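Notes for the one structure printed next.
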Amino acid sequence: MMIRFTAALAALTCSSAVSAATFMDADWASAACSAWNSTPALTNDLGGDAWAGNDAGRGYKVIQLYRAKCGAGSKVELEIRNKDGKAHCERGGAVQHATLDPKVDYLMYASDEDWDCMGKGSFGCGAMGAMMTGKLKFQGPKGEAMGVMGPFDNFLLLTGKVPGETAACPK
């Protein structure tokens, strides 16, 4: 009996040591950046002048994200550059750009339930549905976003592919 208890405790200890990042913390954003770069619908379809090249001459766009229950103080960001005609995520992590340019940058937030729905691609949770129903709160160049709804759907799906725990807010 004691051996089973010790083995169960050891298994629990080991599994908690390798748990996923907190959803939308800096580690999660870094993993999301890597996932972006391995998603051709994002790198290819958002590359060039149509989206990634619209960077106000700075050489990058910023997408900031957060979970509504955790508040705006928990934002993370992805920095996207137009590199060789592809939208390449250069960095994901803590916010380094305190001020966003509303003509080129994006701020998105939603409830955990709505992020989950969008990440699964559930009915009504694609880019257009999420924006129209208010599931996804969004600031940024809306006209530009409307022109890239297909790739943007893939970005929302990416939020469900990068593992992250929602029990606690990012620290």
Side-chain angles (χ1 to χ4, degrees), residues 20-21 23-68 70 72 74-93 95-97 99-164 166:
F23 185 52
M24 292 197 180
D25 72 0
D27 291 336
W28 181 92
S30 179
C33 186
S34 295
W36 174 293
N37 290 334
S38 63
T39 308
L42 295 172
T43 59
N44 295 336
D45 296 350
L46 294 175
D49 293 335
W51 188 82
N54 177 28
D55 61 16
R58 302 176 306 187
Y60 63 88
K61 294 178 86 76
V62 175
I63 301 172
Q64 291 183 349
L65 308 159
Y66 70 94
R67 297 163 48 204
C70 300
S74 69
K75 289 185 288 193
V76 292
E77 68 183 18
L78 303 178
E79 186 177 298
I80 312 296
R81 293 183 181 271
N82 190 29
K83 187 173 177 181
D84 300 322
K86 295 191 183 279
H88 181 78
C89 185
E90 289 287 319
R91 184 189 63 77
V95 170
Q96 292 185 1
H97 304 284
T99 304
L100 297 178
D101 182 335
K103 294 177 184 163
V104 301
D105 298 324
Y106 294 82
L107 172 65
M108 297 176 230
Y109 64 98
S111 69
D112 286 348
E113 295 79 17
D114 289 337
W115 279 121
D116 184 57
C117 184
M118 291 180 283
K120 289 178 180 172
S122 299
F123 181 75
C125 291
M128 182 66 79
M131 289 172 60
M132 297 296 283
T133 61
K135 287 181 169 99
L136 179 66
K137 309 311 186 264
F138 170 93
Q139 294 173 10
K142 291 182 179 25
E144 178 184 76
M146 296 298 287
V148 293
M149 281 292 158
F152 188 57
D153 276 334
N154 287 283
F155 173 70
L156 293 179
L157 289 171
L158 179 143
T159 67
K161 292 177 182 172
V162 177
T166 58

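Remember, it's a predicted structure, so these values are computed and weren't measured experimentally.
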(message) Show the nearest heavy-atom pair for residues A127 and F152, with the distance to one decimal.
(response) CB-CD2, 3.1 Å

(request) Measure from the side-chain N and O atoms of R67 to the backbone N and O of F23, and report whether any donor-acceptor pair falls under 3.5 Å. (result) yes

(message) Donor-acceptor pair, distance only, cut-off 3.5 Å: does the side chain of D84 make one with the backbone of K86?
(response) no

(message) Please report the interatomic distance CG(D153) to CG(L158), rounded to the nearest 0.5 Å.
(response) 12.5 Å

(request) Check whether any side-chain N or O of W36 sits under 3.5 Å from a backbone N or O of A87 as a donor-acceptor pair, and report yes or no. (result) yes

(request) Looking only at non-hydrogen atoms, find the nearest pair between A32 and V162 and report the distance. (result) CA-CG2, 3.8 Å

(request) Under the side chain to side chain contact (heavy atoms under 4.5 Å, CB included) rule, collect the residues that match up with M128, sequence neighbours excluded. (result) M132, M146, M149

(request) Mark yes or no for whether E77, through its side chain, and Q96, through its backbone, hold a donor-acceptor pair below 3.5 Å. (result) yes

(request) Please state whether the rings of Y106 and F138 are parallel, tilted or perpendicular, taking 30° and 60° as the class boundaries. (result) tilted

(message) Please list all pairs meeting salt bridge (charged side-chain N to carboxylate O under 4.0 Å, His left out) that have one or both residues in residues 49-64, counting only residues at least two apart or in different chains.
(response) R58-D105, K61-E144

(request) Check for a donor-acceptor pair, side chain of K142 on one end and backbone N or O of Q139 on the other, with a separation under 3.5 Å. (result) no

(message) Let me confirm one number: the CG-CE distance from L136 to M108, rounded to the nearest 0.5 Å.
(response) 6.5 Å

(message) Can you confirm whether the side chains of Q64 and H97 place a donor and an acceptor under 3.5 Å from each other?
(response) no

(message) Return the CZ to CZ distance between R91 and R81, rounded to the nearest 0.5 Å.
(response) 9.5 Å

(request) Can you sort out the partners of D114 under side chain to side chain donor-acceptor pair (under 3.5 Å), two or more places apart, ordered by chain and number? (result) S111

(request) Check I63 against L65 and note the closest heavy-atom contact, atom names and distance. (result) CG2-CD2, 4.0 Å

(message) Once salt bridge (charged side-chain N to carboxylate O under 4.0 Å, His left out) is applied, what residue pairs with a partner in residues 120-130 remain, sequence neighbours excluded?
(response) D116-K120

(message) Could you check whether any side-chain N or O of W115 sits under 3.5 Å from a backbone N or O of Y66, counting only pairs where one atom can act as donor and the other as acceptor?
(response) yes

(request) Sequence neighbours left out, what passes side chain to side chain contact (heavy atoms under 4.5 Å, CB included) with N37? Give chain and number order. (result) C33, T43, H88, C89

(message) In the structure I gave you, are the side-chain heavy atoms of F155 and L46 within less than 4.5 Å of one another anywhere?
(response) no

(request) Can you tell me which residue pairs pass the side chain to side chain donor-acceptor pair (under 3.5 Å) test with a partner in residues 154-164, sequence neighbours excluded? (result) none

(request) State, yes or no, whether a side-chain contact exists between C125 and K135 at a heavy-atom distance under 4.5 Å. (result) yes

(request) Could you pull out the closest heavy-atom pair between P151 and D45, with the gap in Å? (result) CG-CB, 3.5 Å

